[in-house]
Structures are given as C-alpha cells and as structure tokens.
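Keep in mind that what you see is a predicted model, and the values were worked out from it rather than measured. Order of the sequence lines sets the chain letters (A, B, ...), proteins ahead of strands, with each chain counted from 1.
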Amino acid sequence: MDIEERLDLICRKPAEEIVTRNELRSLLETKEHPVAYQGFEPSGKAHLGTGVEAALKTKDLMDAGIKFKLFLAEWHAWINNKMGGDLEAIRKVGEYFQKVWLSLGVPETVEFVWSSEFVDDSDYWGRIIRVLKESTVARITRCLTIMGRKEAELQEAAQYLYPAMQVSDIYQMELDIACSGMDQRKAHMLARDVGPKLGLPKPVAVHYHLLAGLQGPIKMGGFDDDETIDQEISSKMAKSHPETCIFAHDSEKELKEKIRKAYCPAGEVEGNPIMEIVDHILFRGREREFTIERPSKFGGDVTYWQYEELKKDFAENNLHPQDLKNKVSAELNSLIAPCRKYFEDHPEYLEVFREQTVTR
RNA sequence: CCCGGCGUAGUUCAAUCUGGCAGAACGGCGGACUGUAGAUCCGCAUGUUGGUGGUUCAAAUCCGCCCGCCGGGACCA
C-alpha cells in the first residue's frame, strides 16, 4: 500500500476533519508505524457511534499500518460521573467495550490501555500541571464541552482537570495521531496549542462524523462556536435516549422498530439520520453494491454503486424513505450481528448494566 | 456543626401563604392524514406529592422527627 492509499484509508468516512492532512502525509512518509489512539469513558452500552463507527475507524487506521491504542479512561469517566462514579463498574464496562470493538472487526493486535495504568506516574500529573500552567481558566472552561455536559452540569472543580488530563494522555502514550469524534476536537486543539510550548510534538488529529440520533436534528447550542459543528454535537446519538439510539447488540426486532420510527423526511438529505448511516457507515465513500428491493408498483429493485447516486435519487424523491429504511435495517442487522452473537454467548459482560441505571 | 432554600407525572414546574377531587407544558402511548418517520389534528395515561408520626371531618398544603440535594457560614491547633 503506498502513502496515498494509506492516507485515503485514514481519511475515509466517517472521518470528517483531519488536522492536518499535510502533517499526516509527512508523518506517513517519515515514520513506518505511527501510533494513534482513541479514548473512551467506559459508560453505558456501545452504540452505532461509540461501538460501530469507532471500530470501523480504528480498523481503517490499523489497516493503514498505524499502531493503535484503544484507551479506556476510567478516571475521566469518574470525573464525569459516569456509572455513578463507581470505578469498579466503570472497569467492567471497559472490559465489555473491548469485546464490542473486537467483535466488530478491530484486529486482535490492537493495544488496550487503561488510565489507571499511569495515574500513579508523577510524570503524568506533572505534565497536567504544566498544561494547566500554559492555559488560562477561560481556555480550559471552553474545553469543558468535551465532557458532553451543558453549563448547568459543569459545577464540579474536578471537571477543570479533565481537558488537561486528556492532553497529558496523548503525550503519556507518545502518540502521533489523536482520533475521536468531532465532539473531542477542542481537547486535541488544546494539545496542539500547548504541546509545542512544552517542547512536545503536535499530534495530528483525525475527527470522525458524529452520527445523529434517530430523532433527527436538535438545536441545543453551547458546544461549539461553529454552528454546523454545534448542531452535529447537539444532535448526536446518545445512549441516554435508547429509543433513538441503536446499540451495537440490539436485537433484530429492536433494530427494525427503531429504524421504523426514525426521522427520515423524503427528499431531505441534511440532518437525516438514516442518510447519515448510509453515508458514514454503509458506503463510507467507497464503491459497493447497494441493492434496494422495491415492489414493482414503486419502480422495482434499484441498485446503487456510489452514495452520491443514492443521494441524488433520494433528494429528487426517486427513492422513498420506506424502501431505504428496509434496506438500512437489513444492512445494519448483518453489520452488528457478530457483536450481538458475542454477547449472546457471553452474557456475563452485560451483567454490569442490570443493576446500574443509565448515566449520561 | 450552624443558618437558609428545595424535594410533586419520565422531565421542567404549578397548586402550599389562605387545608377542600393534584394540574400544565414538554415527553410518552393510541388513532386520523401521509407508501416511512416528522409536522398537524383528535384521543389516552401519567403519581406511595422524599419518608415517617401527629393535628383535622379533610393534609402536597399545618406541626414534629428523619433522609436527600443545593447554597452560605463556622471549624481548620
């Protein structure tokens, strides 16, 4: 695989923003196996974003020859009051997440890293203090939205530690690339701003699209100054709203019912969660066969090879939402089937969710 | 430890002062309209009023105690 092919693989959808593509190219040119990571707060069940998209993107980078670390940020989850702040439960959810990703195709050679592995390292905390000393309170405050909380929920002083910890994580693991959803970009920008001041390299950032919840667009505001990004974060699929969130191991029945109820206005592509799934999960910018079965009275079966063709037909009302939904249900069903199967065979990993109430 | 505020439907809150059938909005569910969903229209259900004891014909409401959350203060050799 040459550099351009590797570059395309890394930048492939659902990737949405690369900071910067040129830096990524020169990284690939100068380093045989750059190191990347993606961090998560273990909390709640994995869904199409935290499970499927994360696994797809991890696999892309690994296929492109990147050494990949999946980081399970137990302490961050604790600060963010996930799983009731119970580190024991958080750890169990982390083990569950490992199985989700592996079942969805992440190669076994991935490295799992836990934040508890280096929280007793003074270098780690020393770097946090150095990051904080290079940052103003205002700057850190603006980063707090990476925790996915609204202003009213940002009341605890411990939360101010969070962005600096995330920056310190990047250097602790000696990463070249920080990969995450668009909602984490402020942490990576902080690392890119502060790192050089501390004599540390700027990480390349790979940010992927946040899938909308099945309810469609929500205008909440307050997550980003950029209106498009703000809407993307506001509307994202969230485990706290299970009826508009497809979990990585939903039953076929649950999956179909959720898709059936999903917001999907005919002819409207923007803010359409079903179209987002087609674009970012099913096509992902590549050519493939995508055959939609239709009764002959509605035009009979139709095959698309590119998302752009499908998008054009949908926008011109030549493709009805109902027919598209049927296809998306079937595709997603087979995509998540291995994950569902894994937890059918290993139900013990789901026990942690039995007693716990869902936390955001 | 002290002072104050608060605790009511899934959620945000009203009703508390002045005791008299516990309500609204949003959300949810069902139906109509759509070859999906949403929107719209029609209809339905929201509940141990934090717990407990008391006063009263009658308590979400008044009184006692307890629990929890929030804010402030005190303590800090």
Linking I/L/V/M/F/W/Y whenever their side-chain heavy atoms sit closer than 4.5 Å, directly or via other members, would A:L255 and A:L324 fall into one cluster? yes

N/O (side chain, A:K261) to phosphate O (OP1/OP2, B:C29) under 4.0 Å: yes

Compare side-chain N and O positions of A:R260 against OP1 and OP2 of B:U36 and report whether any pair is under 4.0 Å apart. no

Residue mapping more 5' on RNA chain B - nearest nucleotide basis, A:L214 or A:E243: A:E243

State plainly whether the residues A:E243 and A:K261 are in salt-bridge range, i.e. N to O under 4.0 Å. no

What distance, rounded to whole Å, do you find between the two [atom1] atoms, one in [N] and one in [M]?
| N | M | atom1 | answer |
| --- | --- | --- | --- |
| B:A60 | B:G23 | P | 12 Å |
| B:G72 | B:A77 | C1' | 25 Å |
| B:U11 | B:G50 | P | 13 Å |
| B:C70 | B:U55 | P | 35 Å |
| B:C1 | B:U61 | P | 27 Å |
| B:A25 | B:C62 | P | 27 Å |
| B:G31 | B:A37 | P | 11 Å |
| B:G19 | B:C63 | P | 12 Å |

Side-chain donor-acceptor contact under 3.5 Å, A:H249 with A:Y96: yes

Counting only Watson-Crick or G-U wobble pairs whose two distances fall under 3.5 Å, which nucleotide matches [N]?
| N | answer |
| --- | --- |
| B:C6 | B:G68 |
| B:G47 | none |
| B:C13 | B:G23 |
| B:A37 | none |

Atom-pair distance ([atom1] on [X]; [atom2] on [N]), nearest Å:
| X | N | atom1 | atom2 | answer |
| --- | --- | --- | --- | --- |
| A:I259 | B:G38 | CD1 | P | 14 Å |
| A:I277 | B:U36 | CD1 | P | 19 Å |
| A:H241 | B:G27 | NE2 | P | 12 Å |
| A:L255 | B:A37 | CG | P | 17 Å |
| A:E257 | B:G30 | CD | P | 8 Å |
| A:Q322 | B:U34 | CD | C1' | 12 Å |
| A:F314 | B:A37 | CZ | P | 13 Å |
| A:E268 | B:U34 | CD | P | 21 Å |

Between A:N80 (side chain) and A:M147 (backbone), is there a donor-acceptor pair under 3.5 Å? yes

Please classify the nucleic acid contact of A:K325 as base, sugar-phosphate, or nothing, using heavy-atom distances under 4.0 Å. base

Is A:D323 touching bases, backbone alone, or none of the nucleic acid, heavy atoms closer than 4.0 Å? base

Which of these, A:R139, A:R142, A:K202, sits in a salt bridge (Lys or Arg N to Asp or Glu O under 4.0 Å) with A:D193? A:R139

Around A:E227, counting heavy atoms of other residues, nucleotides and ligands shown, do more than 12 lie under 6.0 Å from its CD? no

Out of B:G35, B:G38, B:U36, minimum distance to the side chain of A:F298 belongs to B:G35

Side chain of A:P265 (C-beta onward), nearest among B:C29, B:A37, B:G35: B:A37

